[in-house]
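Before anything else, here's the structure in question.
First the proteins, then the strands, lettered A, B, ... as listed; each starts at 1. Hydrogens, waters and symmetry mates play no part in the numbers below; they use all other heavy atoms, side chains included. Note that the structure is a prediction, hence the values are computed from the model and not measured.
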Protein chains: 2
Amino acid sequence: MKPLDRKTEIINCAAKLFKEKGYSAVTMRDIAQALDIKAASLYNHIKSKQEILVLIVIEIAEEFTKTINEIVLSKTTTIQKLEKVIQLHIDITIRNPEALACLNNDWMHLTDKELTYFIKMREDYEENFRNIIKSGIASNEIKNINPEVIIFSMLSTLRTLYLWYGKKKGFTESSLKNNMSEVLLNGIIM
Amino acid sequence: MKPLDRKTEIINCAAKLFKEKGYSAVTMRDIAQALDIKAASLYNHIKSKQEILVLIVIEIAEEFTKTINEIVLSKTTTIQKLEKVIQLHIDITIRNPEALACLNNDWMHLTDKELTYFIKMREDYEENFRNIIKSGIASNEIKNINPEVIIFSMLSTLRTLYLWYGKKKGFTESSLKNNMSEVLLNGIIM
DNA sequence: ATAACAAACTAACAAGTGTTAGTTGAAAGA
DNA sequence: TCTTTCAACTAACACTTGTTAGTTTGTTAT
């Protein structure tokens, strides 16, 4: 593995700590100590504690936004779109669970234009999801249940996958995806 | 409404702030200001910031623990047990969404014996849930899917209901319960 | 009227916060 | 070899944190 530059190391390390204790409870001295340097040295690489949070959260949020846009535009069935959305969440969870924890728990500590930008992306994401569900109901692929309940139920599961992944052994990425799709789409009752 | 005693007012007020910004980001001065008094005055009613967190989190955790124990012991079908669990989460969400947010996001800021106690309750809760699912699979009421996936999927939705309840209008408690049961148990596909 | 109490206050503290300034030693490029 | 750059350092800052001590004030019980 190529040695990451120091800024990336700091961000990854911070993300791990943020996941464990939350943004506010982690001090610059905590981050420094985990890297075995002094807090002041961090400022050779990053502008502020805020910047670390922004770099962690915004990048992931943009990836979600970009990908769901592509999914909406793809010419496939509703079910296939939903499976792609499940795949998207699993992908990112496996690749970067710490950043995902951050995005879920610490986004409210963003400020100013980044906060606005984040909220906008989040709303757009949910709106795209809502449109997938609605057109699935219209085409009789999905039951005529209140779309908000469906969106909430699926998203709350997918968004918190990071809490669970890693603790449970014996899942390959594809077996996880298959199990998850089955449960979320077809339910659990015989 | 009977006037709550001051300690309860403080705890409710703190819970609301903790929900918005998280335990660590809320200062005693924030709580005091929201009650229009000075921070030092809080200490006439509570011992410490920690005590506030403990009082919020432990009470709710005990209610979950107690109720799921009763559900496990009840002589009903697996499906009815699961519906009771859904009902439990909806009940508490409606009654005290702030405390639930706290329990979900700030439990890791408990310390010493309360932290241990909380983690034990959480594990017990999941173990009870797991047993309901397993016996449902054994009796052919529930599909033979990996129980961990089912537990995770249902619990992640139920645990984060507080995020959603209040934002969405037009749900009575019972219509919410019916919709939720349908989606979680039978899925969304036609 | 007096005593007792509840619940607010002011003032202060020690420890911890993010951050800046200026310095140093080692590595890399000319 | 000389010089620039990088990434660490020490020292300090202004401010915020949870908390304590001691005091005041209004209400209630004797």
Donor-acceptor contact present, side-chain A/E114 to main-chain A/V54, <3.5 Å
no

A/E173 and A/K177 ion-paired at < 4.0 Å
no

Determine the interplanar angle of the B/H89 and B/Y125 rings, folded into 0 to 90°, and report it as parallel if under 30°, tilted if 30 to 60°, perpendicular if over 60°.
perpendicular

Of A/I37 and B/I46, whose nearest nucleotide on DNA chain D comes first from the 5' end?
A/I37

From the candidates D/dT17, D/dA7, D/dA12, the one with an atom nearest any side-chain atom of A/N44 is D/dA7

Side chain of B/S175, backbone of B/F171: donor and acceptor closer than 3.5 Å?
no

Is there a donor-acceptor contact under 3.5 Å from the side chain of B/K143 to the main chain of A/N186?
yes

Could you state the OH-P distance from B/Y43 to D/dT17, rounded to the nearest angstrom?
12 Å

A/I10 CD1 to D/dC6 C1', in whole Å, measures 13 Å

Phosphate OP1/OP2 of D/dC9 contacted by A/S41 side-chain N/O (<4.0 Å):
yes

What is the separation between atom CG on A/L35 and atom P on D/dA8, rounded to the nearest whole Å?
9 Å

Would you tell me whether A/N44 and A/S41 have side-chain atoms, one donor and one acceptor, within less than 3.5 Å of each other?
no

With the threshold set at under 4.0 Å for non-hydrogen atoms, list the residues of residues 14-28 of chain A touching DNA chain C in residue-number order.
A/V26, A/T27, A/M28

Provide the start and end nucleotides, 5' to 3', of the part of DNA chain C that has atoms under 4.0 Å from heavy atoms of chain B.
C/dA7 to C/dA12

Would a distance-only check, ignoring hydrogens and angles, find a side-chain to backbone donor-acceptor pair under 3.5 Å from A/Q80 to A/K75?
no

Gap between atoms CZ and C1', on A/R29 and D/dC13 respectively (whole Å)
11 Å

Starting from C1' on D/dG18, measure out to CG on B/L42 and report it in whole angstrom.
11 Å

Would you say the side chains of A/S139 and A/E141 form a donor-acceptor pair under 3.5 Å?
yes

One would report the end-axis bend of the helix from C/dA1-D/dT30 to C/dA30-D/dT1, five pairs per end and rounded to 10 degrees, as 10°

Check whether the side chains of B/T8 and B/D5 place a donor and an acceptor atom closer than 3.5 Å, and report yes or no.
yes

Think A/H45 has a side-chain N or O under 4.0 angstrom from the OP1 or OP2 of D/dA8?
yes

Salt bridge flag under 4.0 Å for residues B/E123 and B/K120
no

Side chains of B/N178 and B/S181, donor plus acceptor under 3.5 Å
no

